[in-house]
Asks: 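Here it is, the structure in full.
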Amino acid sequence: MISGRNVMEKAGKSISWLSAFVTIAACIGIILFFLLNGIGEINLEFLTTEPIASTRADVGGGISTPFFGTLLLTLVGICFALPWALGTAIYLSEYAKKNVMVSFFRTAIDVLAGVPTIVIAIMGVAVFSLPQLGFLSSMVEGTSANKAFGRSFLVAGFTMAMMILPYIIKTCEEAIKTVPETFKEASLALGASKWHTIVKVVLPSAKNGIITAIILGMGRIIGDTAIVWLCLGGTLRMTGVQPWFSPENWMSTVQNTGSTLTSYIYFMSPAGEGNMTEKAMGASLILIILIVVLNLLTDVIGNINKSVMEE
Amino acid sequence: MVMQLEVRKRLECVETDPVIEVSNLDVFYGEKQALKDVNIKIFKNQITAFIGPSGCGKTTLLRCFNRMNDMIKTFRMEGEILLDCEDIYTSDHDVIALRKKVGMVFQQPNPLPTSIYNNLSLPIKEHFPKITKEDLMNVINKKLSAAHLLSEIENRIHESALKLSGGQQQRLCIARALTIEPEVILFDEPCSALDPISTMKIEELLMRFKEKYTIIIVTHNMQQATRIADKVAFFFQGEIIEQGTADDLFVNPQQELTQRYVTGRF
Ligand SMILES: Nc1ncnc2c1ncn2[C@@H]1O[C@H](COP(=O)(O)OP(=O)(O)OP(=O)(O)O)[C@@H](O)[C@H]1O
Ligand SMILES: [Mg+2]
């Protein structure tokens, strides 16, 4: 009996240790794989030249526009998502009463979190092809159909915002809920209005949680492909007025299409549409580095949080 | 004409009558009754102490005065509370103005997790949106020195308020309550988390404050009540059993319950 229990004990421990080991090994394996295969590709030229559509690697160019595309799309997506999610989170945590409407609302948010991004992407294209929303992309020219192009950084950013909304709302709401009641009481007892209390006391106290939410959302935008593919379009270069990076052309840049690291990888990799494995590997490595940096940032913020509390 | 009469009547009332007058107050949390038929008058420039065993409703009454109970969903009250002869529980009463008139210091020091400076500048800026930087600093220094904290923290005003000791934090909270220029200040067991020396410092403050403010303090400490209170009200199970001057209550209690409580045989 006793030895039987001992065996169970040992087996349980071994299995859980093994699971943990496999997870860590897989993670390190992926990073190592891309490090070994991609590092040879990475140099200043690769990072700073624009990609050129070609089947020959020596004239294929680098990843400057996909890299900035990723950053730009992330920025646009967060700019749309943050105020929207924060407003919703404030409503849910501070104002919403417990009733059928609100619980329906919460369920809707959960459902949205489960919708595949390709479905959200199709929605995005459908909605933003409406001619009334043409100012977000451009109008289709040369046909009699009155239709917007429905693909641009603005469109993709907005659609990304839809995708990450549930996660940001949830994380922000948690952050707001952990602000101690005593802080709010302190402010209200001084004659501050509820809104003033939220803005000046609650949100600053929930700051780190909110930043974590933003980083979480950034990670999801950086990693997504379906929305990029459908809502940003299938070009490698920035299609706005050139040079796309000069300040007076920024509006045109965000109204037009481009690529991100994920769509670049798809175009380059033989698994997708290309024949340049090395470039795909290089871009993958950069993508992974971005993700790792974001995760480190989350940890750093967690530590800052702790040290502030201990101060 | 009618208006003028009203105003004159209110002015006379403010001159002679108590600052706060509670009549026939019943308070419920859901089905549970927390206060029963409470009647009490609080007078200007006096320290009124609420004493009584735990759970008898002292905090509940205190938080009725600045309507902090409004946040509790199950809270319900009947009866009347007048502040400067005005009913503070009418539906159109300005709660924010009320809370600027009736400040509060809580049992646990509750500075916000930011600098000392921000803790004080936040309410001042809210109260006087157009204040200049210089005036702001003057007010902060004045209030810190009124709370006898300035000399201890002069060089640390931009450091986190959470680095202060418990007693210093509580005095910071007192300074913060002063920034809104209240008439009445409510203290809910302000010393219960503090050591004897910090307690003494706060008692000294209260004694000086009563020249300028009206003070209501909840305390479990009989000696403290004896030392500082002008009036005392003894609560038991939601009712005020006895109230009067501190001398009356502590030296000559009329009720057996009061006597047992103040002599510690409870
Ligand atoms: N938010 C609340 N919801 C329900 N009941 C409450 C609430 N707050 C207080 N009560 C109840 O009301 C009664 C009076 O509470 P109150 O906090 O006023 O007592 P107190 O005299 O301040 O006690 P103490 O000396 O322990 O602080 C208690 O029985 C308490 O359980
Ligand atoms: Mg209490």
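Side-chain atoms are counted along with the backbone in the values below, which use heavy atoms only and exclude waters and symmetry mates. Order of the sequence lines fixes the chain letters, A, B, ..., with proteins taken first and strands second; residue numbering starts at 1 for each chain.
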Asks: So which pairs with a foot in residues 188-209 of chain A pass salt bridge (Lys or Arg N to Asp or Glu O under 4.0 Å), sequence neighbours left out?
Replies: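 Sorted pair list comes back empty.
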Asks: Table please: side-chain donor-acceptor pairs of residues 131-138 of chain B below 3.5 Å, with sequence neighbours left out.
Replies:
residue: Thr132(B); atom: OG1; partner: Asp135(B); partner atom: N; Å: 3.2
residue: Thr132(B); atom: OG1; partner: Asp135(B); partner atom: OD2; Å: 3.3

Asks: Measure the spacing between CZ of Phe65(B) and CD1 of Ile216(B) and express it to the nearest 0.5 Å.
Replies: 4.5 Å
Asks: With a 4.5 angstrom heavy-atom cut-off, could you sort out which part of Arg63(B) is near chain A: side chain, backbone, both or neither?
Replies: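 Just the side chain, heavy atoms under 4.5 Å.
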Asks: Is it the backbone or the side chain of Pro182(B) that comes under 4.5 Å from a heavy atom of chain A, or both, or neither?
Replies: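 Contact with chain A: none, neither part.
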Asks: Counting heavy-atom pairs closer than 4.5 Å to chain A, which one of Asn118(B), Asn119(B), Asn110(B) comes out on top?
Replies: Asn110(B)
Asks: Under 6.0 Å from the ring centre and within 45 degrees of the ring axis: does the NZ or CZ of Arg76(B) meet both conditions for the six-membered ring of Tyr29(B)?
Replies: no
